[in-house]
Amino acid sequence: KALYVSRPQPLQFNHQVHADKAGLECSGCHELRADGRFSGIPGISNCAGCHTEAQGTTAAEKQLVKDYVTPNREIPWLVYSRQPINARFSHVNHVKTGKLACETCHGAHGKTTALRPYLQNRISGYSHAVDGAYLIRTSLKPGDGMKMSDCERCHQQRGVRTGCLSCHQ
């Protein structure tokens, strides 16, 4: 993939262990604010609630505590789903009003045991997760891409009508 450069995440993260052992759901860490806006990637205070010291034996967890929790330093995550600056996305409209599960757009990301590499488009600067695995946008599975045509298709399938300014500034 000559169009993309692979960048590692600052540390590894196991979503599955947090779901299975800790019993967390996506909204336990990726929450909606009181005003309905999505809070985004959890801050270090969220992690520190459980991880003032290492709970397990992995190198990533030891690094989490040493490099981020103890010094109260935010983790500089590379965000797979960051959209172009001219687009806006309302999680509350999709999750609360539309009753969509996180997996509808993000696929099985919440069941993963390790983070995939962050593939950054050398031209646009956006993640491969936005572009998706396929240039031809047919037969996509949940989490295969987050391009405008993917959103339009989902809206069309559900009979949801919106105008350009619903998503664009």
Side-chain angles (χ1 to χ4, degrees), residues 1-33 37-85 87 89 91 94-95 100-151 154:
K1 295 187 179 185
L3 182 58
Y4 296 93
V5 61
S6 180
R7 297 176 55 203
Q9 287 288 359
L11 82 135
Q12 273 302 314
F13 184 83
N14 185 327
H15 279 94
Q16 188 174 37
V17 77
H18 286 82
D20 293 349
K21 284 191 175 184
L24 294 172
E25 294 186 16
C26 300
S27 60
C29 297
H30 303 278
E31 56 200 350
L32 295 173
R33 295 183 178 122
R37 290 183 301 141
F38 182 61
S39 65
I41 302 299
I44 196 63
S45 62
N46 193 298
C47 304
C50 298
H51 294 278
T52 53
E53 51 189 57
Q55 304 291 310
T57 59
T58 66
E61 188 167 3
K62 289 175 183 156
Q63 180 186 0
L64 166 71
V65 173
K66 178 180 169 274
D67 293 349
Y68 301 104
V69 174
T70 301
N72 195 30
R73 186 173 141 232
E74 294 298 332
I75 303 168
W77 295 113
L78 301 169
V79 182
Y80 299 108
S81 57
R82 186 171 319 283
Q83 292 292 307
I85 196 163
F89 180 86
H91 274 88
H94 292 82
V95 176
L100 296 178
C102 302
E103 295 80 9
T104 305
C105 300
H106 297 284
H109 191 63
K111 304 264 187 252
T112 59
T113 58
L115 297 175
R116 65 190 185 269
Y118 180 88
L119 298 176
Q120 184 175 17
N121 184 308
R122 293 176 193 266
I123 298 170
S124 71
Y126 293 107
S127 166
H128 183 264
V130 172
D131 294 341
Y134 312 102
L135 291 175
I136 300 173
R137 310 307 288 171
T138 59
S139 303
L140 293 176
K141 297 184 302 291
D144 276 351
M146 296 179 208
K147 292 187 85 63
M148 187 171 95
S149 59
D150 303 328
C151 298
C154 185

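The analysis underlying the following values was restricted to heavy atoms, covering all of them including side chains, and did not include hydrogens, waters or symmetry mates.
When all heavy atoms of Val79 and Tyr118 are compared, the closest pair comes out as O-CE1, 3.4 Å.
Using a 4.5 Å cut-off on side-chain heavy atoms (C-beta onward), Met146 and Cys151 make no contact. Residues Arg73 and Ile44 form no side-chain contact, since every pair of their non-hydrogen atoms from C-beta on lies 4.5 Å or further apart. Between Ile75 and Leu64 there is a side-chain heavy-atom pair separated by less than 4.5 Å. Side-chain contact between Phe89 and His94 is present, with at least one heavy-atom pair separated by less than 4.5 Å.
The ring-ring contact (aromatic ring centres under 6.0 Å, His included) pairs that include a residue from residues 48-71 are His18-His51, where partners are two or more places apart or lie in different chains.
Ring pair His128/Tyr4 is perpendicular by interplanar angle, where above 60° counts as perpendicular and below 30° as parallel. The aromatic rings of Trp77 and Phe13 stand perpendicular to each other, their planes meeting at an angle above 60°, with 30° marking the opposite boundary.
Note that CG of Asn121 is 9.5 Å distant from OG of Ser127, once rounded to the nearest 0.5 Å. Asn14 CG to Leu115 CG: the interatomic distance, rounded to the nearest 0.5 Å, is 9.0 Å. To the nearest 0.5 Å, the span separating NE2 on His109 from NE2 on His30 amounts to 7.0 Å. Note that CD of Gln63 is 9.5 Å distant from OG1 of Thr58, once rounded to the nearest 0.5 Å.
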